There are 2 protein chains.
Amino acid sequence: MDLKDRDADASRRIRTAAVLLFARRGYAATSVRDLAREVGMTNAGVYHHVASKEALLADLMRGAQQGLIDATEHMLRDVHAPADRLALLISSLTATHALSPMTTRVMDGELRSLTPGSPARDEIIALRDAYEEHWRRAIADGVADGSFRIADQRLTRLALMSMCTGTSEWYRPDGDSTLEQVCAEFVAIGLAAVRSSVRAAAAPDPSLLPEFPWEPPHVRNDPSSAEAGR
Amino acid sequence: MDLKDRDADASRRIRTAAVLLFARRGYAATSVRDLAREVGMTNAGVYHHVASKEALLADLMRGAQQGLIDATEHMLRDVHAPADRLALLISSLTATHALSPMTTRVMDGELRSLTPGSPARDEIIALRDAYEEHWRRAIADGVADGSFRIADQRLTRLALMSMCTGTSEWYRPDGDSTLEQVCAEFVAIGLAAVRSSVRAAAAPDPSLLPEFPWEPPHVRNDPSSAEAGR
DNA sequence: AGGCTCCTACCGAACGTTCGGTCGTACCTA
DNA sequence: TAGGTACGACCGAACGTTCGGTAGGAGCCT
């Protein structure tokens, strides 16, 4: 085999194994030696293809975020009505998480593993913010032109996004319903959510909820960069 | 201070710090020394209150899962209609995640950190299955008596549950909408979801979605214990 | 009340292991 | 033969955990 191809292949196999292991065990619980064993190398061999363990994670996350952004902006190009844009955001985010569960799990859950303040982390946070801005704008536009009625835009956006991203945790291609059905269902839920009026309270009596004696007092997360921490 | 009180206090402070650190950085990325520093001890001192790092995690998860189950069963005692039971499941799970975000983050996300096959892990999986059984039954009962129309019960259950559990990632008590509003909103969404008929497909063209060259092929998770791997 | 003993909560230091990462070299291919 | 790929051996640091020791409150005896 051609050397260049061989190198590219090894590099890709490392990425594939890394996504799998990072998604399953988590970044911190995955050692470079685990990764090397998975691709049939020693840990030293891995370092021929990767600058550092953290740089590998950053590469994966950057690629995932960027791929999501590119696809989203491409699909949004000729869609203008806020409801249509929101529907497209919902179905594309859902489908991406259903079809690439490992990559998206790493993308969504390993931000905390990047060194705070590092350029790589800041860059990926910026990418995530850029993506979320599409959601923010779609929702704000819908509220502005009267097609949406929403009490708390941030809450609505985060709730809908976490509904979509949760897909990577449970979707299976061999389930009883197709991806098309899931997307259609989620779009319907999302559109219903942004068209609801304020409802009567229905929260359970707090005294009936479980109490955990070790739960720390609520503190705001790091407020830098829009939504940096969470 | 009394010695017994002193011991109980230290034990509780260790638990509180552990929940905070495990929720923020993850179990694997938190060292016993980090934990000890947080409560003003040496790492050796921590081991006076805890059998092992993993046993500490198991204790936290068992307590959280058990507390959720107890509260849920208590609240469900006199509620019989499937729709009412589902509404109660949604609002109590949401409220628990909103009010105890750190504990629930650990509960929901650190199962993978418990040694596979260990008694502690199996016990916690059994608790989780017992909790999910309430959801399964509520949904199945609603379908059986005709009050729900659902294409895929597993999908519906997991989607609704991940909507509720996602709350711990973004809810803030000082946001624009109250916990009551969030619960009411989620209950409305959930009830709408189980009363929808099958809809037309609206999934995006797969060729437009992002592709990640490193995404591993889809494989079923460990099939033991109902939904063991999740 | 005072003294004595026991026990509990914790510390300082170290254990063996594993971590992320480096370096010199051998092998393979072009 | 030249160049790049991967290996074996290794580094310092950090990991979870253990162990002997100690300060001081608790309980008992007088």
Side-chain angles (χ1 to χ4, degrees), chain A residues 1-19 21-22 24-61 106 110 112-116 118-121 214, chain B residues 1-19 21-22 24-61 106 110 112-116 118 120-121:
Chain A
M1 187 195 291
D2 188 284
L3 256 185
K4 274 279 147 53
D5 290 351
R6 190 178 169 75
D7 179 79
D9 182 65
S11 207
R12 193 189 48 74
R13 284 194 304 129
I14 286 176
R15 257 93 184 155
T16 299
V19 164
L21 292 176
F22 291 171
R24 283 209 172 145
R25 313 181 191 173
Y27 171 82
T30 302
S31 73
V32 176
R33 284 167 178 82
D34 291 336
L35 180 52
R37 191 180 319 118
E38 200 77 11
V39 297
M41 276 185 197
T42 64
N43 61 329
V46 170
Y47 278 93
H48 200 81
H49 301 272
V50 152
S52 73
K53 189 192 174 192
E54 185 165 343
L56 169 60
L57 174 62
D59 277 353
L60 294 172
M61 294 188 65
V106 172
E110 294 292 359
R112 64 182 177 192
S113 300
L114 295 174
T115 306
S118 65
R121 188 187 138 111
W214 53 67
Chain B
M1 187 196 289
D2 187 282
L3 252 187
K4 273 277 144 54
D5 291 351
R6 187 179 171 76
D7 181 77
D9 181 65
S11 211
R12 194 190 45 76
R13 285 191 305 127
I14 287 176
R15 258 93 183 154
T16 300
V19 164
L21 292 176
F22 291 171
R24 284 211 170 142
R25 313 181 190 171
Y27 170 81
T30 303
S31 74
V32 176
R33 284 166 178 84
D34 291 337
L35 180 52
R37 191 181 319 118
E38 201 75 12
V39 298
M41 274 185 197
T42 63
N43 58 334
V46 171
Y47 278 92
H48 194 78
H49 302 272
V50 153
S52 72
K53 189 191 173 192
E54 185 165 344
L56 169 59
L57 174 62
D59 278 352
L60 295 173
M61 294 188 65
V106 173
E110 294 292 359
R112 65 181 176 192
S113 300
L114 295 174
T115 305
S118 65
R121 181 180 205 260

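Only this structure's heavy atoms are used, side chains among them; waters, hydrogens and symmetry mates stay out. Lettering of chains follows the sequences in order, A, B, ..., and the numbering in each one begins at 1. Keep in mind it's a predicted model, so treat the numbers as computed, not measured.
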Nucleotide dA9(C), atom P - distance to NE2 of H49(B) in whole Å: 7 Å
Here the pair of heavy atoms bringing L57(A) nearest to L114(A) is CD2-CD2, 3.8 Å
What integer distance in Å separates Y27(B):OH from dG16(D):C1'? 9 Å
Checking contacts here: which listed nucleotide (dG21(C), dG8(D), dG12(C)) is nearest the side-chain heavy atoms of A44(B)? dG12(C)
Below 4.0 angstrom from OP1 or OP2 of dC19(C), is there any side-chain N or O of S31(A)? yes
To the nearest angstrom, how far is K53(A) atom NZ from dT18(C) atom C1'? 12 Å
Rounded to whole Å, how long is the line connecting atom CG of L57(A) with atom C1' of dG20(C)? 14 Å
How close do V50(A) and I14(A) get, heavy atom to heavy atom, and via which atoms? CG2-CG2, 4.4 Å
To the nearest angstrom, how far is R33(B) atom CZ from dG12(C) atom C1'? 12 Å
Heavy atoms, side chains only, cut-off 4.5 Å: are Y47(A) and V32(A) in contact? yes
If I compare all heavy atoms of S11(B) with all of H49(B), which pair ends up nearest, and what's the gap? N-ND1, 4.1 Å
Pairwise 5' ranking along DNA chain D for H48(A) and V32(B), keeping only the more 5' one: H48(A)
Within the pair T42(B) and dG12(C), is there a side-chain N or O less than 4.0 Å away from OP1 or OP2? no
Whole angstrom is fine here: how far is it from CG in L21(A) over to P in dC19(C)? 12 Å
Just to be sure I understand the rule, does S11(B) reach a base, reach only the sugar-phosphate, or reach nothing, if contact means heavy atoms closer than 4.0 Å? nothing
What's the shortest heavy-atom distance between F22(B) and E110(B), and which atoms? O-OE2, 3.7 Å
base_contact_polar (dG21(C) base, N43(A) side chain, donor-acceptor, <3.5 Å): yes
Over how many whole Å does the gap from E54(A) atom CD to dC19(C) atom P extend? 17 Å
Length of the CG-P vector between L56(B) and dT17(D), whole Å: 10 Å
